[in-house]
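Okay, so here's the structure we're looking at.
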Amino acid sequence: MKKHLAILTLTCLAATAVHAQGLPERIKSAGKVTVANQPNYPPMEYKDPATNTLTGVDIDLGLALAKQLGTTVEWTDIGFEQMISSITTGRVDLIHSGMSDLPKRRDTLDFVDYMKSGAQFYTSFARKDEFKTLTDFCGKTIGMSRRTSFPDETAKWSAANCEATGKPAIVVVGTEGSADARAQLKQGRLDAAVQGSETLPYLMTLEKDTYAVIGEPFTAVYQGIAFAKKDTELRDAYASALRALMASGEYKTIFAKYGLEGTLLDGIYINGEAVK
């Protein structure tokens with residue numbers, strides 16, 4: 001029995017070593033990866049109201065990736081606007097918090113993409129019949145988190161689809177976050193709001209007959225795990241771990257748990273480019 005246990009122990013240690021091979025030495029030594037995350041974006045990351053524990057797609061995926069790599073995760077709650085500086089100064093090892101892989105961010109960061117997303121218009125359930133098409137939002141006051149890319153994307157969409165056709169421009173209101181935009185929408189201070197398409201189905205199950213999604217997402221972007229430009233070893237280790245989760249089916253299982261199978265990618269993408 002002792003012989004079998006010894007063999008089993010050695011086998012487990014060997015497997016962990018193989019997983020950890022691609023990790024930078026600092027991660028191996030620490031036995032953990034420090035991850036920037038702000039848990040205010042359900043179902044991507046949030047605190048379970050009943051237990052106050054972190055949960056969501058990013059949390060489940062982050063833990064699965066770390067396990068695949070033979071390490072653990074230390075989540076660090078950091079405001080979205082401070083996340084990029086936290087990685088460039090070495091406060092955290094990576095960002096995994098519903099961050100869009102945008103070309104302007106690639107000057108500072110590299111991304112391992114893991115899902116598709118898009119900016120989505122929605123309004124209050126009571127006003128849903130006022131908006132038959134997306135251009136019905138022209139001239140309306142629309143709120144969205146000022147910390148995201150949504151204000152710029154909405155202004156760009158408005159220029160092409162409202163002003164260019166002689167309609168009044170959308171009045172873009174930058175809010176303190178998506179929750180603030182929803183609060184202002186309920187108060188009647190906004191006509192509509194914009195949020196990531198992956199979050200709205202979840203919110204609509206929590207607050208029935210409160211919101212109404214209008215049309216399809218008006219942008220298409222990838223969301224990615226962000227790494228410092230110099231940290232290619234860690235980036236590539238995560239890309240390999242994600243490939244393994246895709247092959248095993250665990251990647252799909254995590255997204256299916258939250259009803260987000262439609263956001264899955266068909267392979268590994270780094271900075272928006274497919275990697276064989």
Side-chain angles (χ1 to χ4, degrees), residues 19 22 33 35-46 48 54-69 73 75 80 83 94-103 105-106 109-122 145 148-150 153 178 194-206 211 213-227 234-276:
H19 290 323
V33 60
V35 180
N37 179 275
Q38 189 174 36
N40 65 351
Y41 200 53
M44 301 310 296
E45 44 263 318
Y46 61 104
D48 187 312
L54 280 174
T55 189
V57 177
D58 285 342
I59 306 305
D60 290 0
L61 182 59
L63 293 173
L65 288 165
K67 183 179 179 182
Q68 180 68 31
L69 289 165
V73 179
W75 300 104
F80 202 81
M83 284 188 178
L94 58 92
I95 301 167
H96 193 165
S97 191
M99 181 173 279
S100 296
D101 173 5
L102 302 177
R105 289 177 176 155
R106 295 175 196 155
L109 305 171
D110 276 344
F111 289 89
V112 173
D113 302 322
Y114 60 94
M115 67 176 289
K116 295 175 288 190
S117 180
Q120 176 78 63
F121 288 115
Y122 68 102
S145 173
T148 67
S149 59
F150 297 151
E153 291 167 344
S178 54
V194 170
Q195 197 165 309
S197 57
E198 72 279 3
T199 66
L200 289 168
Y202 173 81
L203 290 171
M204 290 170 72
T205 63
L206 291 183
Y211 309 111
V213 171
I214 307 298
E216 297 296 322
F218 62 91
T219 65
V221 297
Y222 292 134
Q223 285 189 7
I225 304 168
F227 304 84
L234 184 60
R235 179 202 68 190
D236 293 346
Y238 262 76
S240 296
L242 181 58
R243 191 187 299 277
L245 294 185
M246 287 178 171
S248 71
E250 188 172 0
Y251 167 71
K252 183 177 181 179
T253 298
I254 290 169
F255 281 77
K257 176 181 174 181
Y258 298 92
L260 293 177
E261 298 96 319
T263 68
L264 294 171
L265 299 184
D266 58 1
I268 300 300
Y269 292 77
I270 294 178
N271 297 329
E273 297 292 332
V275 177
K276 293 184 179 180

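Remember, predicted model here, so these are calculated numbers, not experimental data.
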**Q.** Tyr269 ring center within less than 6.0 Å of Tyr222 ring center
**A.** yes
**Q.** Side chains of Met246 and Asp266 in contact at under 4.5 Å (non-hydrogen atoms)
**A.** no
Q) Checking ring pair (Phe, Tyr, Trp, His ring centres under 6.0 Å) for the pair Tyr202/Tyr258: CA distance, chi angles, key distance, verdict? A) CA-CA 8 Å; Tyr202 173 81; Tyr258 298 92; 7.7 Å; no
Q | Donor-acceptor pair between Asn271 and Asp110 side chains, under 3.5 angstrom | A | yes
Q: State which residues pass ring pair (Phe, Tyr, Trp, His ring centres under 6.0 Å) with Tyr41; sequence neighbours excluded, sorted by chain then number.
A: none
Q | Contacts of type ring pair (Phe, Tyr, Trp, His ring centres under 6.0 Å), residue Tyr122, not counting sequence neighbours | A | Tyr211
Q. Any side-chain donor-acceptor pair under 3.5 Å between Gln68 and Glu250?
A. no
Q. Is there a donor-acceptor contact under 3.5 Å linking the side chains of Ser117 and Glu198?
A. yes
Q: Could you list the residues that satisfy side chain to side chain donor-acceptor pair (under 3.5 Å) with Asp58, not counting sequence neighbours?
A: His96, Tyr114
Q) Hey, does the side chain of Thr219 reach the backbone of Ala119 with a donor-acceptor pair shorter than 3.5 angstrom? A) yes
(Q) Check this for me: Glu216, atom CD, are more than 12 non-hydrogen atoms of other residues, nucleotides or ligands nearer than 6.0 Å? (A) no
Q | Flag, side chain of Arg105 to backbone of Ser100, donor-acceptor distance under 3.5 Å | A | yes
